[in-house]
Amino acid sequence: MRRIQARHAATARAAGDVGSAARLAAPPGNGDNAGMNILLNGEARALVAPVTLLQLLAAEGLGERRVAVEINGEIVPRGRHGETVLAEGDKVEIVHALGGG
């Protein structure tokens, strides 16, 4: 299994495609409670709140891929991605299998 790098959004923005990752990013220095902070594969990430796991996966370009997701050390079954709402301080790990031969 390979760890998904949390740089997809930055790469997309640098290429001119702000997409859904930018819509999930909390505005910097907004001073209100509209944002939350999580760790995504060990990297700090500020997001708007509330955000479901399914929305986060879609924003990272992983909505259609087969991935395993852990939140705070517990695996979240694929069928619960849409109903699982992320919270302040959550530690999210996303991995996927690579095929090859």
Side-chain angles (χ1 to χ4, degrees):
M1 297 193 116
R2 178 175 83 96
R3 179 182 249 186
I4 299 294
Q5 295 300 317
R7 297 184 188 125
H8 295 307
T11 303
R13 283 192 297 276
D17 174 20
V18 293
S20 55
R23 288 190 294 272
L24 290 182
N30 63 359
D32 62 15
N33 292 329
M36 69 175 163
N37 297 299
I38 67 166
L39 279 179
L40 177 58
N41 289 348
E43 293 185 20
R45 186 67 72 85
L47 303 174
V48 296
V51 175
T52 67
L53 180 54
L54 188 61
Q55 289 170 318
L56 176 65
L57 290 172
E60 293 296 314
L62 301 169
E64 300 300 318
R65 299 190 64 182
R66 295 186 65 137
V67 297
V69 181
E70 235 183 46
I71 297 179
N72 301 323
E74 299 207 15
I75 294 176
V76 179
R78 186 175 185 89
R80 294 189 48 218
H81 288 182
E83 66 190 49
T84 301
V85 178
L86 298 174
E88 175 72 27
D90 277 347
K91 293 179 180 122
V92 181
E93 294 289 328
I94 303 171
V95 295
H96 71 94
L98 292 178

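The model shown is predicted, which means the values in this text are computed figures rather than measured ones. One-based numbering along the sequence shown.
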**OP:** Establish whether Ile94 and Leu39 are linked, either directly or via other cluster members, by ILVMFWY side-chain heavy-atom contacts under 4.5 Å.
**Re:**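 No, Ile94 does not connect to Leu39 through the hydrophobic network.
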
Original post:
If two hydrophobic side chains count as joined below 4.5 Å and joins carry through other members, does Leu54 share a cluster with Val92?
Top reply: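 No, no single cluster joins them.
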
**OP:** Applying side-chain contact (heavy atoms from CB on, under 4.5 Å), name anything that partners Arg78, two or more places apart in sequence or on another chain.
**Re:**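 Expected list: His81.
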
Name the atoms and distances for all side-chain donor-acceptor pairs under 3.5 Å in residues 66-73, with sequence neighbours left out.
unit_1, atom_1, unit_2, atom_2, d
Asn72, OD1, Lys91, N, 2.8
Asn72, ND2, Asp90, OD1, 2.8

Subject >> Least distance between heavy atoms, Glu93 atom then Gly42 atom >> reply: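 Heavy atoms only, the tightest pair is OE2-N, 3.7 Å.
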
Side-chain contact, heavy-atom cut-off 4.5 Å: [X] with [Y]?
X: Asn37; Y: Arg45; result: no
X: Thr52; Y: Glu83; result: no
X: Leu56; Y: Ile38; result: yes

Subject >> Under the salt bridge (charged side-chain N to carboxylate O under 4.0 Å, His left out) test, residues paired with Glu74 that sit two or more places apart >> reply: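 Partners of Glu74 by the salt bridge (charged side-chain N to carboxylate O under 4.0 Å, His left out) criterion come out as none, since no residue qualifies.
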
**OP:** Could you please spell out the steps behind the side-chain contact (heavy atoms from CB on, under 4.5 Å) verdict for Val51 and Met36?
**Re:** CA-CA 9 Å; Val51 175; Met36 69 175 163; 4.0 Å; yes

Subject >> Pairing residues for Glu64 by the side chain to side chain donor-acceptor pair (under 3.5 Å) criterion, not counting sequence neighbours >> reply: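 Partners of Glu64 by the side chain to side chain donor-acceptor pair (under 3.5 Å) criterion come out as none, since no residue qualifies.
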
